[in-house]
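Just below is one structure, and these are the notes that go with it.
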Amino acid sequence: MNKKIGRVRRAKKGRMKIRECEAIRLSVHRTPKHIYAQVIAPSGESVLVCASTLDKQFKGKLKSTGNIEAAKEVGKLVAERAIQAGIRQVAFDRSGFNYHGRVKALADAAREGGLEF
């Protein structure tokens, strides 16, 4: 089993638990250069809110898009957009990634921004 297969297996397991609760989920995906966050409807069919380091407002603001500071900014932005859409309660979907580093920084920033999970 390679790293990607293991991560996808862990992600599927977590998503099934969230689906049983029928909760709106905050899904995170990271690559070496960028980090992405989406707030997804309980059915899993539609994305309600999204933010990433590729957003135009981060163009000249961030020194690097693959670090903890960039993840914090994305977390604040996704929380702000979710609250504007009327979403406060979400379930955190780490997509099989360890709750450490950039994933943890994004989650903490989203909590500070007003999301509850």
Side-chain angles (χ1 to χ4, degrees):
M1 180 179 340
N2 65 19
K3 288 173 83 172
K4 184 175 181 181
I5 292 172
R7 184 188 68 78
V8 170
R9 181 182 51 80
R10 287 188 304 273
K12 189 182 281 188
K13 183 178 175 183
R15 288 186 184 128
M16 289 302 116
K17 287 183 180 180
I18 293 171
R19 185 171 284 173
E20 287 176 8
C21 298
E22 296 180 358
I24 296 172
R25 66 185 167 108
L26 171 61
S27 179
V28 175
H29 183 74
R30 67 175 173 83
T31 63
K33 286 190 176 183
H34 298 286
I35 192 159
Y36 309 86
Q38 297 178 326
V39 176
I40 301 173
S43 63
E45 295 177 358
S46 62
V47 175
L48 306 173
V49 176
C50 65
S52 74
T53 51
L54 295 173
D55 285 351
K56 290 183 181 181
Q57 68 186 50
F58 294 136
K59 189 75 169 171
K61 186 177 177 182
L62 297 174
K63 188 174 182 181
S64 173
T65 57
N67 57 15
I68 289 176
E69 288 76 28
K72 288 179 184 177
E73 293 296 321
V74 172
K76 290 177 190 174
L77 181 62
V78 75
E80 178 184 315
R81 289 179 179 175
I83 289 173
Q84 286 177 354
I87 301 165
R88 281 203 168 284
Q89 188 77 29
V90 297
F92 189 66
D93 175 11
R94 58 187 176 90
S95 299
F97 295 108
N98 289 333
Y99 188 78
H100 179 74
R102 291 188 288 158
V103 174
K104 182 178 178 184
L106 188 142
D108 291 342
R111 279 192 191 105
E112 289 174 8
L115 287 181
E116 299 171 9
F117 53 93

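Keep in mind it's a predicted model, so treat the numbers as computed, not measured. Just so it is clear, the values below take in all heavy atoms, side chains as well, and ignore hydrogens, waters and symmetry mates.
Taking every heavy atom of both residues into account, Val39 and Ala82 meet most closely at CG2-CB, 4.4 Å. Contact detail for Ser27 and Ser95: the closest heavy-atom pair is OG-OG, 3.5 Å. Among all heavy-atom pairs drawn from Ala79 and Ala110, the shortest one is CB-O, 3.6 Å.
Taking CG of Leu106 as the start and CG of Leu77 as the end, the distance is 10.0 Å to the nearest 0.5 Å. Considering CG of Leu54 and OG1 of Thr65, their distance stands at 7.0 Å, rounded to 0.5 Å. Note that CZ of Arg19 is 10.0 Å distant from CD1 of Ile40, once rounded to the nearest 0.5 Å. Rounding to the nearest 0.5 angstrom, the gap separating the CZ atom in Arg81 from the CG atom in Asp55 is 4.5 Å. Separating the CZ atom in Arg7 from the NZ atom in Lys3 is a distance of 11.0 Å, to the nearest 0.5 Å. Taking CG of Asn67 as the start and NZ of Lys33 as the end, the distance is 13.5 Å to the nearest 0.5 Å.
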request  = Show your reasoning for whether side chain to side chain contact (heavy atoms under 4.5 Å, CB included) applies to Arg15 and Lys12.
outcome  = CA-CA 5 Å; Arg15 288 186 184 128; Lys12 189 182 281 188; 5.8 Å; no
message = Working note: Arg9 + Lys13, criterion side chain to side chain contact (heavy atoms under 4.5 Å, CB included); need CA distance, chi angles, decisive distance, verdict.
response = CA-CA 6 Å; Arg9 181 182 51 80; Lys13 183 178 175 183; 5.7 Å; no
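Of the possible polar contacts, none joining the Arg25 side chain to the Gly44 backbone as a donor-acceptor pair under 3.5 Å is found. Thr53 places no side-chain N or O within 3.5 Å of a backbone atom of His34 that could act as its donor or acceptor partner.
Under the 4.5 Å side-chain contact rule for hydrophobic residues, Phe117 and Val74 share a cluster. Tyr36 and Ile68 fall into different hydrophobic clusters, defined by Ile, Leu, Val, Met, Phe, Trp and Tyr side-chain heavy atoms under 4.5 Å apart, directly or through other members. Note on Leu115: it clusters hydrophobically with Val49, by side-chain heavy-atom contacts below 4.5 Å among ILVMFWY residues. Ile24 and Val78 fall within the same hydrophobic cluster, defined by Ile, Leu, Val, Met, Phe, Trp and Tyr side-chain heavy atoms under 4.5 Å apart, directly or through other members.
Annotation: side chain of Phe97 is in contact with side chain of His29 (closest heavy-atom distance under 4.5 Å). Using a 4.5 Å heavy-atom cutoff, the side chains of Val103 and Asn98 are not in contact.
Under the side chain to side chain donor-acceptor pair (under 3.5 Å) criterion, Arg30 pairs with no residue, sequence neighbours left out. Residues that satisfy the side chain to side chain donor-acceptor pair (under 3.5 Å) test with Gln38, not counting sequence neighbours, are absent from this structure.
Applying the side chain to side chain donor-acceptor pair (under 3.5 Å) rule to pairs touching residues 108-117 yields Tyr99-Arg111, Asp108-Arg111, sequence neighbours excluded.
Glu69 and Lys63 are not joined by a salt bridge, as no carboxylate oxygen comes within less than 4.0 angstrom of a charged side-chain nitrogen.
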